[in-house]
Amino acid sequence: MVDLKQMMLDEIRKNTRIQSSYIDETEELIDTGLEMNDDNLTLVAFAYLDEKGYRRRVDNVELAKQKIIETSQGYDTIIVKKNRSVEMCIFDKATTAELKDALDVCLVNWVSSINTKLDRLTNKQYEYKVDFIDSLNIESDRPRTGHLGAEEFETLEEKINKHAADGWELDRMHTEPKGYRVFLIFRRERMS
């Protein structure tokens, strides 16, 4: 049979706007069973430094040994402190009614995000930019390198790609009625 409470909990966990867990950190004292002597102390200090990602420098080893000695005070063997982190679910002890309320919040968030996306799609706003070219140049019209005007030569494709790199898209082209100029009208969506 399907566990309705577990299904509700799974849906709540999928929502990024609702915190469904927390980290419970506890400090544990662990008995290594090693006799308290300098060799064993050094070995445990090395293990501690390796676990934490510290370098095995002399000063780091001495600090680790001192910390281990302080923790092991009053014991015959070496004792180390370890932090244990456990992820705990906030909703583990929640009732079905409380889970339903949390799902309602998830639903409201989901509908709100859909509404925002639909609003953006239906009410798009654009900004426009106008550029022009004197003639429609293509790659086969390009003068050879070293010829007069080779540096300023730009094909229609290069001009469109240059604007596209900045987020502009070609909306339309308009030819001047009494001349040879072609106006390029670019647009991009205004994000507000």
Side-chain angles (χ1 to χ4, degrees), residues 1-121 124-125 127 129 158 161-169 188-192:
M1 180 154 212
V2 177
D3 185 8
L4 183 62
K5 194 171 181 179
Q6 186 60 42
M7 287 177 57
M8 293 169 79
L9 192 55
D10 291 342
E11 286 301 314
I12 292 169
R13 285 184 180 142
K14 288 179 189 176
N15 191 321
T16 57
R17 294 183 180 187
I18 295 180
Q19 180 181 348
S20 61
S21 63
Y22 66 96
I23 304 296
D24 182 29
E25 290 189 16
T26 55
E27 192 173 78
E28 297 178 332
L29 295 178
I30 298 174
D31 187 357
T32 61
L34 298 172
E35 184 183 323
M36 182 71 79
N37 62 38
D38 195 49
D39 291 337
N40 289 341
L41 207 55
T42 303
L43 289 174
V44 173
F46 283 160
Y48 171 81
L49 293 173
D50 293 343
E51 180 185 325
K52 296 291 185 183
Y54 296 125
R55 291 177 34 201
R56 290 185 177 185
R57 295 186 334 211
V58 175
D59 57 334
N60 286 348
V61 172
E62 290 304 318
L63 285 171
K65 280 182 176 181
Q66 186 61 38
K67 189 172 189 168
I68 294 167
I69 289 171
E70 289 172 7
T71 304
S72 302
Q73 201 165 21
Y75 295 96
D76 295 336
T77 57
I78 296 177
I79 306 292
V80 292
K81 281 184 187 177
K82 294 241 181 189
N83 288 336
R84 185 170 54 107
S85 300
V86 177
E87 186 174 354
M88 305 293 288
C89 181
I90 293 173
F91 295 102
D92 274 344
K93 296 178 183 173
T95 64
T96 306
E98 291 170 332
L99 289 175
K100 185 181 178 324
D101 290 343
L103 275 176
D104 288 345
V105 171
C106 291
L107 183 62
V108 167
N109 286 336
W110 182 65
V111 169
S112 175
S113 74
I114 288 175
N115 186 37
T116 302
K117 290 175 186 175
L118 285 175
D119 186 47
R120 207 171 132 234
L121 285 173
K124 282 188 177 181
Q125 294 183 354
E127 57 183 321
K129 178 179 183 178
E158 289 171 336
N161 286 336
K162 181 176 72 174
H163 289 291
D166 293 331
W168 296 95
E169 65 180 62
R188 71 176 168 195
E189 189 176 349
R190 181 178 295 156
M191 300 294 186
S192 53

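Along the sequence shown, residues are numbered consecutively beginning with 1. Since we're looking at a predicted model, the values are computed, not measured.
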[atom1]-[atom2] distance between [X] and [Y], expressed to the nearest 0.5 angstrom:
X	Y	atom1	atom2	value
R13	Q6	CZ	CD	6.0 Å
I30	I79	CD1	CD1	9.5 Å
I12	E98	CD1	CD	10.0 Å
E189	Q125	CD	CD	9.0 Å

Heavy-atom check, side chain of [X] versus side chain of [Y], under 4.5 Å:
X	Y	result
F91	M8	no
L34	T77	no
M36	D76	no

Search all heavy atoms of [X] against all heavy atoms of [Y] and return the closest pair with its distance.
X	Y	value
T71	K81	CG2-CG, 3.7 Å
S85	I23	CB-CG2, 3.9 Å
A45	V61	CB-O, 4.1 Å
I68	L41	CG2-CD1, 3.6 Å
I78	D31	O-OD1, 3.6 Å

Q73 atom CD, neighbour heavy-atom count above 12 within 6.0 Å: no
Over 12 non-hydrogen atoms of neighbours within 6.0 angstrom of NZ in K129: yes
Give a yes or no on whether a salt bridge exists between R188 and E127, defined as a side-chain N under 4.0 angstrom from a carboxylate O. yes
Should the pair K14-E11 be classified as a salt bridge under the 4.0 Å nitrogen-to-oxygen rule? yes
When you measure from the side chain of D166 to the backbone N and O of W168, does any donor-acceptor pair fall under 3.5 Å? no
Residues in salt bridge (Lys or Arg N to Asp or Glu O under 4.0 Å) with D38, at least two apart? K65
Tell me the side-chain hydrogen bond (donor to acceptor under 3.5 Å, both in side chains) pairs involving residues 54-64, sequence neighbours left out? D50-R56, R57-D59
side-chain hydrogen bond (donor to acceptor under 3.5 Å, both in side chains): which pairs involve residues 99-116, sequence neighbours left out? none
